[in-house]
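Worksheet: one structure, shown below.
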Amino acid sequence: VRFEEEVKSAVEQVAKKFGGIDIVINNASAINLIPIEELSVKKYDLMMNINLRGTFLLSKYCLPYLEKSSNPHILTLSPPMSFDPKWFENNGPYTISKYGMSMMSFSLASELKSKKIASNALWPRTAVATAAV
């Protein structure tokens, strides 16, 4: 989801195979829960590229197909915004990348309202045990 041409190609292939796109689910995410001092620039860039850039690219290239759908939706798995320090202590870059996804969801909702394309964010109430954590 980090590479523009690959995302664009994947979207085109999906739309061709299924005759369009009705929903986009921005679920790809990179996680690295370590303090800024210990986080390499490479790992920081990876989180930002997957979490925020990936959400942007997939949403952007699906828009022409969503505009043709009778009930189009974009769903982004991202958290509610909170400035409670507990979300920034020792994992600020990850929190920032996920909040960026939330802000992208809000932006899409505002921009696409007139086109009747819904954009919402969803966040599990509890931690989900995955290999990423």
Side-chain angles (χ1 to χ4, degrees):
V1 295
R2 297 178 291 154
F3 306 108
E4 182 179 11
E5 290 307 315
E6 290 178 15
V7 171
K8 190 175 181 181
S9 175
V11 167
E12 290 168 354
Q13 289 175 45
V14 166
K16 183 177 179 181
K17 180 171 182 158
F18 294 102
I21 295 174
D22 297 313
I23 186 167
V24 174
I25 300 176
N26 290 308
N27 185 40
S29 189
I31 184 171
N32 209 318
L33 302 176
I34 61 176
I36 292 170
E37 188 175 24
E38 298 172 25
L39 184 66
S40 71
V41 172
K42 184 177 180 177
K43 287 182 180 179
Y44 172 87
D45 286 344
L46 181 67
M47 273 194 300
M48 293 300 170
N49 282 331
I50 291 173
N51 299 357
L52 190 50
R53 181 181 167 90
T55 298
F56 167 77
L57 289 173
L58 187 60
S59 299
K60 175 182 176 58
Y61 287 114
C62 286
L63 288 178
Y65 303 102
L66 292 170
E67 288 177 3
K68 297 174 186 174
S69 173
S70 62
N71 193 17
H73 285 77
I74 300 172
L75 180 64
T76 302
L77 273 66
S78 61
M81 304 289 288
S82 170
F83 289 97
D84 184 327
K86 72 179 182 181
W87 298 115
F88 297 93
E89 295 169 4
N90 298 318
N91 58 314
Y94 172 70
T95 298
I96 292 165
S97 73
K98 294 303 286 188
Y99 284 4
M101 291 173 69
S102 297
M103 292 167 60
M104 183 67 68
S105 180
F106 295 141
S107 295
L108 289 164
S110 295
E111 283 188 29
L112 303 175
K113 184 177 181 180
S114 64
K115 295 181 179 188
K116 307 267 191 257
I117 299 173
S119 174
N120 294 284
L122 173 70
W123 192 247
R125 187 169 175 93
T126 61
V128 177
T130 70
V133 179

| field | Residue pairs passing the side chain to side chain donor-acceptor pair (under 3.5 Å) test where at least one lies in residues 77-86, sequence neighbours excluded | value |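 Of all non-adjacent pairs touching residues 77-86, those that pass side chain to side chain donor-acceptor pair (under 3.5 Å) are Ser78-Ser102.
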| request: Keeping to residues at least two apart or across chains, list the salt bridge (Lys or Arg N to Asp or Glu O under 4.0 Å) pairs with something in residues 27-51. | output: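 For residues 27-51: none.
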| query | Can you list every salt bridge (Lys or Arg N to Asp or Glu O under 4.0 Å) pair that touches residues 92-120, not counting sequence neighbours? | reply |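 Output for this query lists Glu67-Lys115.
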Taking [Y] as the starting point, is it possible to reach [X] by hopping between hydrophobic residues whose side chains are less than 4.5 Å apart?
X	Y	result
Leu52	Ile96	no
Leu112	Leu57	yes
Ile31	Leu46	no
Tyr94	Met104	no
Ile34	Ile50	no

| task | Count the heavy atoms belonging to other residues, nucleotides or ligands that lie under 6.0 Å from CE of Met103, then report whether that count exceeds 12. | result |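 Check fails, neighbour count at 12 or below.
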From [X] [atom1] over to [Y] [atom2], what is the distance, rounded to the nearest 0.5 angstrom?
X	Y	atom1	atom2	answer
Ile25	Ile74	CD1	CD1	11.5 Å
Ser97	Asn32	OG	CG	10.0 Å
Asn91	Ile36	CG	CD1	9.5 Å
Asn90	Leu39	CG	CG	12.0 Å

Pair up each side-chain donor or acceptor in residues 17-24 with any protein partner under 3.5 Å, not counting sequence neighbours, and list the distances.
residue: Asp22; atom: OD1; partner: Ser69; partner atom: OG; Å: 2.7

| said: Per the ring-ring contact (aromatic ring centres under 6.0 Å, His included) rule, what does the pair list look like for residues 73-93, sequence neighbours excluded? | reply: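 Listed by first then second residue: Phe88-Tyr99.
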Could you give the side-chain donor-acceptor pairs of residues 58-66 under 3.5 Å, partners two or more places apart or in another chain?
residue: Ser59; atom: OG; partner: Asn26; partner atom: ND2; Å: 3.1
residue: Ser59; atom: OG; partner: Thr55; partner atom: O; Å: 2.8
residue: Tyr61; atom: OH; partner: Glu4; partner atom: OE2; Å: 2.3

| If you measure only the distance, is there a donor-acceptor pair under 3.5 Å linking the side chains of Gln13 and Ser9? |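 Yes, a side-chain donor-acceptor pair sits under 3.5 Å.
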| query | Within the distance-only criterion (no hydrogens, no angle test), does the side chain of Ser29 pair as donor or acceptor with the backbone N or O of Asn51 below 3.5 angstrom? | reply |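 Judged by distance alone, no pair lies under 3.5 Å.
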| task | Any chance you could lay out the side chain to side chain contact (heavy atoms under 4.5 Å, CB included) test for Lys16 and Glu12, step after step, and finish with the verdict? | result | CA-CA 6 Å; Lys16 183 177 179 181; Glu12 290 168 354; over 6 Å; no
